[in-house]
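Below, read A as the first sequence line, B as the second, and so on, with proteins coming before strands; counting in each chain starts at 1.
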There are 2 protein chains.
Amino acid sequence: MASFAPTEQRLDVTLGKYPAFPRQPAALVRLVKHLYKQIHDEANAMLRPYGLNHPEYNILMMMYGTPDTAMNPSQLTEAAGEKSANVTRLTNELCQKGLIARTGSDGDRRKVTLTLTPAAIALIESFLPDITALLKRQTGHLDSTEQADLERLLKKMVEGFPA
Amino acid sequence: MASFAPTEQRLDVTLGKYPAFPRQPAALVRLVKHLYKQIHDEANAMLRPYGLNHPEYNILMMMYGTPDTAMNPSQLTEAAGEKSANVTRLTNELCQKGLIARTGSDGDRRKVTLTLTPAAIALIESFLPDITALLKRQTGHLDSTEQADLERLLKKMVEGFPA
DNA sequence: AGTATATAGTTCAGTTCTGAATTATCAATA
DNA sequence: TATTGATAATTCAGAACTGAACTATATACT
């Protein structure tokens with residue numbers, strides 16, 4: 001799956017058939033989808049030798065990115081951008097893999113605390129060079145100004161979605 | 001699921017723990033994912049009363065965006081950005097819904113031709129106002145210059161992925 | 001204190017997606 | 001012509017995801 005051109009041609013024809021069709025917004029949405037699929041596929045391929053898939057990796061990295069690696073499922077739902085049912089499923093999987101520990105939380109009996117095991121820390125630190133290389137490769141076609149601009153614009157688009 | 005802030009905080013802490021971590025590329029990738037999920041969820045909600053989900057809609061719109069609404073599964077794979085197995089599944093579903101006709105192709109006996117039925121055209125034209133409104137809403141936080149910039153930058157990022 | 005509402009997380013059944021294998025067909029090569 | 005390599009699409013089993021319902025717990029209200 002390569003270029004965006006096949007998609008774009010379809011959008012242009014659509015505009016011809018239905019002149020009110022918002023070609024630019026549709027192109028943006030399609031580009032986001034296109035990129036997401038590419039990013040997702042490449043990440044899955046890179047992570048496979050580590051016994052992880054992209055969503056599992058996302059969970060682990062969000063937990064790694066806390067001072068003490070501890071998070072509640074709700075916090076993960078927000079930070080990892082996954083539905084709560086999926087956070088449960090993913091964290092169950094990671095528990096089985098010995099990468100996450102699940103305990104109750106003090107103070108609020110409804111809350112669960114998830115923390116990374118030492119095995120997870122070791123695993124994360126073992127794949128960080130590969131992930132680093134992949135992330136740089138995936139964005140490497142843009143220079144640093146372009147990346148900053150893109151970040152600003154994507155964030156602005158995110159702001160248009162309800163909380 | 002709202003803001004990008006929870007995710008971003010995790011990225012900043014990660015940078016502290018692993019100074020070689022490419023925070024900017026990681027943020028871009030996460031923003032793309034975040035947006036895709038939002039776009040996907042909103043589209044699914046909007047399309048549900050029409051008896052469609054987002055991927056089915058994508059297929060229909062790609063076919064609508066051709067002069068004669070005819071496409072091969074391979075072309076759809078490229079234009080809709082779906083894996084071929086998924087194109088088969090989606091088009092089977094749309095056939096069952098009476099929205100797509102499937103015939104053999106002249107000249108190459110391996111090829112299948114998919115065309116929209118009149119029911120599909122009618123359905124598409126019935127939801128186009130709603131989709132139009134949704135697309136405009138989803139991108140409405142950006143003015144037209146920003147949208148054009150974003151399109152250019154996203155396309156440039158796409159160019160960095162292999163064909 | 002009792003009741004109503006909200007929240008955290010999980011369960012569950014159904015939906016959606018994928019990689020690998022497969023079959024038929026086409027194109028290239030010897 | 002026969003063989004090899006590539007392509008189009010589908011199948012299939014397993015993986016991944018989701019919405020709605022649910023239970024336990026906390027908060028707000030009377």
Inset, instruction - Write down the distance between CD (B:Gln75) and C1' (D:dT7), rounded to a whole number of angstrom. - result: 14 Å

Inset, instruction - Flag the pair B:Glu8 / A:Glu151 as yes when at least one side-chain heavy-atom distance between them is below 4.5 Å, and no otherwise. - result: yes

Legend entry - Heavy-atom side-chain contact between A:Lys17 and B:Thr69 under 4.5 Å: yes

Inset, instruction - Using atom CG of A:Leu47 as one end and atom C1' of C:dT18 as the other, report the distance to the nearest whole Å. - result: 16 Å

Inset, instruction - Would you please confirm or rule out a distance under 4.0 Å between OP1 or OP2 of C:dC17 and any side-chain N or O of B:Lys83? - result: no

Inset, instruction - Answer yes if the side chains of B:Thr113 and B:Thr103 hold a donor-acceptor pair under 3.5 Å, and no otherwise. - result: no

Legend entry - Side chain of B:Val112 - closest among C:dG9, D:dT25, D:dA9: D:dA9

Inset, instruction - Report yes if at least one side-chain N or O of A:Asn53 is closer than 4.0 Å to OP1 or OP2 of D:dA16; otherwise report no. - result: yes

Legend entry - d(CZ, A:Arg89; C1', C:dG9) in whole Å: 16 Å

Legend entry - Atom-to-atom span, CG of A:Asn72 to C1' of D:dA24 - whole angstrom: 16 Å

Legend entry - Separation of C:dT11 C1' from A:Leu90 CG (nearest whole Å): 15 Å

Legend entry - Within 45° cone of A:Tyr18 ring axis and under 6.0 Å: A:Arg23 NZ or CZ: no

Legend entry - Residue B:Glu82, side-chain atoms from C-beta onward, closest of C:dT18, D:dA9, D:dT11: C:dT18

Inset, instruction - Would you classify B:Gly107 as touching base, sugar-phosphate or nothing, given that sugar-phosphate means primed atoms plus P, OP1 and OP2, and contacts are heavy atoms under 4.0 Å? - result: sugar-phosphate

Legend entry - Candidates D:dA8, C:dA20, D:dT10 - which lies nearest the side chain of B:Arg102: D:dT10

Inset, instruction - Return the value, rounded to whole Å, for the distance between atom NE2 of A:His54 and atom C1' of C:dG19. - result: 18 Å

Inset, instruction - Specify the separation, in whole Å, of atom NZ of A:Lys111 and atom P of C:dT7. - result: 11 Å

Legend entry - A:Asp68, CG atom: more than 12 neighbouring heavy atoms under 6.0 Å: yes

Inset, instruction - Take B:Arg110 and B:Ala85, find for each the nucleotide of DNA chain D with the closest heavy atom, and name the residue whose nucleotide sits nearer the 5' end. - result: B:Arg110

Inset, instruction - Name the nucleic acid region contacted by B:Asn86, choosing base, sugar-phosphate or nothing; use a 4.0 angstrom heavy-atom cut-off, strictly under. - result: base

Inset, instruction - Could you tell me the separation between the CD atom of A:Glu93 and the P atom of D:dC17, rounded to a whole number of Å? - result: 11 Å

Inset, instruction - Would you mind telling me which residue lines up with the more 5' stretch of DNA chain C, A:Arg48 or A:Thr88, judged by nearest nucleotide? - result: A:Thr88

